[in-house]
2 protein chains.
Amino acid sequence: MASKSTKGPSTLSSVNITFLGTASAQPSSTRNHSSLALRLGGDVWLFDCGEATQHQLQRSSVKMGRIKKVFITHTHGDHIFGLLPLMASCMNGAGGTVEGVDDMRMQAGEEREPLEIYGPLGTRAYIRNGLTYTHTILGSPYVVHEVRFPTDPATQDHTHLAAHSSEVPGRNIAQVDGVWPNIYEDPLVTVSVAPILHSVPCVGYVVTEKPVPGKMDPREYIPHLKRTGTPMSVMSQLQQGETVTLSDGTVLKGPGRRPGRKITILGDTYDPSPIAALAENSDILIHEATNAHLPGVDPDTKPGDSYESVEARTKSRGHSTPQMAGAFAMHIRARQLLLNHFSARYPGNDDVDDGARKTMEAIKALAAEKFTGEVVCARDLMSVDVHSSPP
Amino acid sequence: MASKSTKGPSTLSSVNITFLGTASAQPSSTRNHSSLALRLGGDVWLFDCGEATQHQLQRSSVKMGRIKKVFITHTHGDHIFGLLPLMASCMNGAGGTVEGVDDMRMQAGEEREPLEIYGPLGTRAYIRNGLTYTHTILGSPYVVHEVRFPTDPATQDHTHLAAHSSEVPGRNIAQVDGVWPNIYEDPLVTVSVAPILHSVPCVGYVVTEKPVPGKMDPREYIPHLKRTGTPMSVMSQLQQGETVTLSDGTVLKGPGRRPGRKITILGDTYDPSPIAALAENSDILIHEATNAHLPGVDPDTKPGDSYESVEARTKSRGHSTPQMAGAFAMHIRARQLLLNHFSARYPGNDDVDDGARKTMEAIKALAAEKFTGEVVCARDLMSVDVHSSPP
């Protein structure tokens, strides 16, 4: 997957989401800062990388060495403070050598594929400054592609510092009709990006698998192939949806391609409507639900609070309630809604603790008031396989 | 302690060291990145702050809200990547508000004491850039004082970025005779700093408690006070070592003051000799021991390795072996040697695991070959009370 080789597999063997951190600003004993791993076949793409993401990776089944791309939704610390230490660990970046001793990393890695990092303006400057002031030497290259808002400078790196020795020049990607379409594309998937509203520039990512071969019933084809003495290898052409004309003039048409899987991963937001068109019909929508009004469930519920007042307060901080997430999932006709980015007050051990389960069930129920599809409250290290939607 | 009030206690009630992270470059399941907390009475001073230090604080008995100062030995990532997220958490620094909503933090905190951060050149720039590019708003101020090497610029901030809105101008401290004496002083302690040799500019910190009242035997004084009708409150003057002349001309002299506790905390080093004079007679020396030659104990021991080859390799990377740490402890006549900054291959669960205990005992024995005082291999969350040396 995502390899430039033309010999790569023609479909994704599996698509999996593993939540590495589901907390909002503060980590708790059961939730770490924001990060999730999307596994596409053997490759790993990270979305956000809060502090201690590498520690969470160590606890998960996701292989750190498989990380090929990192997508940052916004540069708030709880979404990016783990990126530099992760790079140092993945890319052999710690330590150094004393004067007069060669550092082998200075020669190595030129030919390797760079780690690709995507994010809004400031992502490149943050990484470059952080690596430089910490004297970090990396054993392989990296590149930062920035999605630039219309109010951002169209060019330049947003810092006076010269590029880090391992930094490859990245693109500054301009908006087209309010979104950033196809910022990445390979034979199997595309990634498009759109703004979502938060207290700072923030985006959501839509990862779309390209159309996949349709279901094929061999019994429809094999008798024709046998009758005409056509080699069975033609079946693989048909499987790809191609049309084949047999020696007796019979025209066989493979099954039509079905839409691939579509996953929309949002950063923090109080209004994600600018991404609605891109995100339509997502198989999975990952949406934050920082705060909720849970009278009778959350003992810290303030006496004067109501659904309206909690929503107003949550929005004023740039965030969403479960109902807002549910409404957006409904609006884009998502198949499944995965909630994350919970306030530290909402425990993440609902798989083993009854009180936690009650709280998270209540949050789920609030989202379900607005959304008829499946709702799941994510917890750290939860793993979700993404299947194609039924035809 | 460390308060500007003249009403503070005249002695430190307790001095305690809690190791928050004892790993070198890479964290393992039993050791986190470098950090330790020095508790002086009720205040907490952090020394280094690797990634996930705030997570370690949550697991420890050290109160995050009590952190008054942070001392950085060098700006390698494994010693500083946890600082910005810690500041965000301690100083109410996460999140933000949407346009048109006031952020109360912008008005708050002006009158509060700034968090004081000390470190070599680049510490200020690292913090400023990191906070700025992550849009971090803090609820209280901070200041960065840098110890500048003779080859560093004597002034300026080492970055083009303007100061962060919560940053108070800090000092750039020049060396005096090769060290930075008394960079901090209050009625109870002083902090002096000296270079130690590593692959990048690196320092060690010497925290010295000021002389404390000597042991007083009340029986030496009370009969004289009673005889002359002197109020018993004079005892507290005597306890402070003062001289008091009684009404009958008798001169009473309180016990002489004893030296206070002295703690030397080193960063990474292959040769700490420039700090030797300052560190002399430390009650506690904290010294790294990144790599060791452990034939028969460490299964990863390379066939051709010897004590000499391991030491040469360790030094070439700017680090020390246990023997080097022991020799330095002996050289400065330290009372106790605490080893930290262990390679990820040396497990940190030696309190519960026999294999780990064997490894760490072997490392301790290597240091003890060169040092006759007590040697302790630190582990994460280990807590050590620092007592005055016996008279």
Side-chain angles (χ1 to χ4, degrees), chain A residues 24-29 32-33 50-52 54-55 58-59 74-82 84-89 93-101 103 122-123 125-136 158-161 197-201 268 270 315-319, chain B residues 24-29 32-33 50-52 54-55 58-59 74-82 84-89 93-101 103 122-123 125-136 158-161 197-201 268 270 315-319:
Chain A
S24 59
Q26 302 263 356
S28 71
S29 60
N32 196 46
H33 294 293
E51 187 187 20
Q54 69 168 320
H55 298 68
Q58 286 184 352
R59 294 182 190 115
H74 63 303
T75 63
H76 266 156
D78 56 324
H79 294 252
I80 201 171
F81 279 148
L84 300 178
L86 181 80
M87 290 172 72
S89 286
T97 52
V98 300
E99 228 177 295
V101 176
D103 191 317
T123 305
Y126 172 78
I127 295 168
R128 185 184 295 179
N129 279 270
L131 293 178
T132 301
Y133 290 122
T134 58
H135 310 280
T136 304
H158 199 44
T159 173
H160 283 80
L161 269 196
L197 303 180
H198 184 45
S199 57
V200 300
D268 296 1
Y270 65 92
K315 278 179 160 174
S316 78
R317 293 173 183 156
H319 294 294
Chain B
S24 59
Q26 301 262 357
S28 72
S29 60
N32 196 46
H33 294 293
E51 187 187 19
Q54 69 168 320
H55 298 67
Q58 286 184 353
R59 293 182 190 115
H74 63 302
T75 62
H76 266 156
D78 56 324
H79 294 252
I80 201 171
F81 279 148
L84 300 178
L86 181 80
M87 289 173 72
S89 287
T97 52
V98 300
E99 228 176 294
V101 176
D103 191 317
T123 305
Y126 172 78
I127 295 169
R128 186 184 294 178
N129 279 271
L131 293 177
T132 301
Y133 290 122
T134 58
H135 310 279
T136 305
H158 199 43
T159 172
H160 283 80
L161 269 196
L197 303 180
H198 184 46
S199 57
V200 300
D268 296 1
Y270 65 92
K315 277 179 160 175
S316 78
R317 293 173 182 156
H319 294 294

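Note: hydrogens, waters and symmetry copies are ignored here, and every other heavy atom, side chains too, is used.
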Q. Counting heavy-atom pairs under 4.5 Å to chain B, which of A:His33, A:Glu51, A:His160, A:His158 comes out on top?
A. A:Glu51
Q) In terms of heavy-atom proximity below 4.5 Å to chain B, should A:Leu84 be classed as side chain, backbone, both, or neither? A) both
Q. Using the benzene-type ring in the case of Trp, are the ring centres of A:His74 and B:His135 under 6.0 Å apart?
A. no
Q.
Pairing donors with acceptors under 3.5 angstrom, does anything connect the side chains of A:Thr159 and A:Asn129?
A. yes
Q.
Is A:Asp268 close to chain B through its backbone or its side chain, or both, or neither, when contacts mean heavy atoms under 4.5 Å?
A. neither
Q: Return the option, out of A:Pro27, A:Gly122, A:Gly318, with the maximum number of heavy-atom pairs under 4.5 Å with chain B.
A: A:Pro27
(Q) Could you check whether B:His55 and A:His55 have their ring centres less than 6.0 Å apart? (A) no
Q: Measure up the A:His198 and A:His76 rings against each other and bin them: parallel (under 30°), tilted (30 to 60°), perpendicular (over 60°).
A: perpendicular
